[in-house]
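To keep things clear, I will list the structure first and then write my remarks on it.
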Amino acid sequence: MKHKFFISFVLFITLICLTSFNSKQDNDYILLNKILEKVIDQNKTSNIVLDINNNNETVISVVKKLKYFDEEKSKISFDSIRQEIGIYKDSKFLEIFNRNQYDYFISQKSNSEWDFNKVTNPKIIKKVKEKFTNKQVIVKVCKPIYTTDNKYALISVSKKNSSYIVVFKNENNIWNEFKIFSAILN
C-alpha cells in the first residue's frame with residue numbers, strides 16, 4: 001500500500017513540475033511574439049531577423065549590479081544606478097527589484113536557442129543568412145526571467161544601436177508591457 005502511495009506521489013510531483021515548466025515555456029513564447037510584433041510596428045518593415053540565441057546575460061548583469069549596490073547599502077550609489085537605468089523614484093519597481101527577487105532572477109540564467117516553430121509572426125525571418133542587407137533589422141531577444149510570483153517578466157531586447165529591458169506584468173493571465181528601461185550600465 002505504501003509503495004502505491006509513493007509511486008502516485010512521485011507521479012503527481014512530476015506532473016506539477018512538467019506543467020510549471022511548460023507554462024513558463026509558453027509564457028516565454030507569448031512574450032517573445034509580443035516583442036516581435038512591437039519591433040515590426042516600430043520599424044515599419046517585415047525584414048526583421050530574429051537572432052536564434054536567447055542568452056539572457058544582459059538582464060542578469062543589470063540585476064547583479066542592482067543587487068551589489070543594494071547589498072552594499074550604499075544609498076548614493078544604489079540610487080544613482082536606479083536613476084541611470086530609469087527606475088528611480090518609481091515605487092512599482094521596488095516590488096520587482098528587491099532583495100527577495102535578485103537571487104531568483106539570477107538563478108534563471110540561460111543560454112539556449114529560440115524554437116522558431118513557436119514564433120507565430122510570419123513576417124519574422126527565422127533563418128539567419130550569412131550576409132545581411134541594410135534593409136534587414138536584426139533583433140536579439142533574451143529568454144525572459146520572472147519574479148517569484150510570476151507576476152512580472154524582464155526581457156532584454158537589442159536591435160541596431162539600442163538595447164533596453166522590457167518589463168511585462170501578468171494580470172489575469174494576460175501579459176502587458178509595463179515599463180521599458182535602459183539596459184546600459186556604466
Side-chain angles (χ1 to χ4, degrees), residues 17-43 45-68 85-87 93 96-97 101-133 135-171 173-185:
C17 290
L18 287 174
T19 303
S20 174
F21 176 75
N22 285 337
S23 173
K24 277 209 171 164
Q25 256 195 340
D26 291 345
N27 283 334
D28 290 354
Y29 285 94
I30 289 168
L31 294 166
L32 171 64
N33 286 303
K34 283 183 177 271
I35 286 173
L36 292 174
E37 286 174 27
K38 185 173 181 177
V39 169
I40 288 170
D41 288 344
Q42 288 174 339
N43 291 280
T45 182
S46 60
N47 283 326
I48 306 293
V49 178
L50 175 62
D51 186 337
I52 193 169
N53 183 2
N54 66 12
N55 174 332
N56 58 12
E57 183 58 38
T58 301
V59 72
I60 296 291
S61 67
V62 170
V63 169
K64 284 180 177 177
K65 195 157 201 177
L66 286 168
K67 177 184 178 189
Y68 172 78
I85 62 175
I87 62 171
F93 273 102
I96 302 167
F97 295 104
Q101 298 293 340
Y102 296 137
D103 288 333
Y104 186 69
F105 283 144
I106 294 166
S107 74
Q108 297 173 66
K109 184 175 180 179
S110 172
N111 186 15
S112 56
E113 295 181 345
W114 290 114
D115 178 354
F116 284 144
N117 294 321
K118 295 182 180 182
V119 177
T120 58
N121 195 314
K123 294 180 180 178
I124 299 297
I125 300 170
K126 300 169 188 168
K127 300 291 183 201
V128 177
K129 298 175 183 171
E130 287 187 28
K131 291 186 178 182
F132 300 103
T133 67
K135 295 179 183 178
Q136 291 177 321
V137 176
I138 302 166
V139 63
K140 179 178 177 16
V141 181
C142 84
K143 184 176 186 341
I145 60 173
Y146 300 90
T147 54
T148 53
D149 60 4
N150 209 40
K151 189 175 177 183
Y152 296 96
L154 284 70
I155 306 164
S156 68
V157 180
S158 300
K159 59 181 176 141
K160 292 185 182 176
N161 296 327
S162 67
S163 183
Y164 52 92
I165 295 175
V166 182
V167 179
F168 281 90
K169 186 174 184 177
N170 187 349
E171 296 177 299
N173 291 323
I174 298 172
W175 288 100
N176 294 305
E177 188 177 295
F178 175 67
K179 181 90 171 171
I180 295 176
F181 64 92
S182 171
I184 308 299
L185 289 174

CD1-CD1 distance between I165 and I155, expressed to the nearest 0.5 angstrom = 10.5 Å
task = Applying side chain to side chain contact (heavy atoms under 4.5 Å, CB included), run through I60 and T58 and close with a yes or a no.
result = CA-CA 5 Å; I60 296 291; T58 301; over 6 Å; no
inquiry  = Do N170 and Y146 make a side-chain contact, defined as non-hydrogen atoms from C-beta onward lying under 4.5 Å apart?
reply    = no
inquiry  = What I'd like to find out is whether the side chain of K140 reaches to under 4.5 Å of the side chain of K159, using heavy atoms alone.
reply    = no
task = Identify which one of Y102, Y152, F181 satisfies the ring-ring contact (aromatic ring centres under 6.0 Å, His included) criterion when paired with F97.
result = F181
ask   = Is there a side-chain contact between E177 and K38, using heavy atoms and a 4.5 Å cut-off?
value = yes
query = Under 4.5 Å between any side-chain heavy atoms of V39 and V141, yes or no?
reply = no
ask   = Can you find a heavy atom in the side chain of I52 that is under 4.5 Å from one in the side chain of F116?
value = yes
query = Passes side chain to side chain contact (heavy atoms under 4.5 Å, CB included), V139 versus V49? Steps please.
reply = CA-CA 6 Å; V139 63; V49 178; over 6 Å; no
inquiry  = Under a 3.5 Å distance rule, please check whether K34 uses its side chain to pair with a backbone N or O of W175 as donor and acceptor.
reply    = yes
query = So, do T147 and F105 sit near enough that their side-chain heavy atoms are less than 4.5 Å apart?
reply = yes
task = Scan side-chain atoms only and decide if N56 and S110 contain a donor-acceptor pair under the 3.5 Å cut-off.
result = no
query = Taking the side chain as C-beta and beyond, is there a heavy-atom pair between V63 and Y68 under 4.5 Å?
reply = no
note = Between the CD atom in Q42 and the CD1 atom in I35, the distance rounded to the nearest 0.5 Å is 10.5 Å
inquiry  = Show, in sequence, the C-alpha distance, side-chain angles and deciding distance for E171 and K151, and conclude whether the salt bridge (Lys or Arg N to Asp or Glu O under 4.0 Å) test is met.
reply    = CA-CA 7 Å; E171 296 177 299; K151 189 175 177 183; over 6 Å; no
note = To the nearest 0.5 Å, atom CG of L32 lies from atom CG of L50 at 6.0 Å
key: Separation of I48 CD1 from E37 CD (nearest 0.5 Å)   = 12.5 Å
query = Just how far is it from atom OG of S158 to atom CG of D51, taken to the nearest 0.5 Å?
reply = 9.5 Å
inquiry  = Tell me whether N33 contacts the main-chain N or O of K118 through its side chain, where contact means a donor paired with an acceptor under 3.5 Å.
reply    = yes
message = Contact between T148 and Q101 at the side-chain level, heavy atoms closer than 4.5 Å - yes or no?
response = yes
remark   = Minimal heavy-atom distance between W114 and P144, with the atoms involved, is CH2-CD, 4.0 Å
task = Classify the side-chain pair Q108/K143 by whether it contains a donor and acceptor separated by less than 3.5 Å.
result = no
key: D149-Y104 side chain donor-acceptor pair, cut-off 3.5 Å   = no
message = To the nearest 0.5 Å, what is the distance between CD1 on I106 and CD1 on I145?
response = 8.5 Å
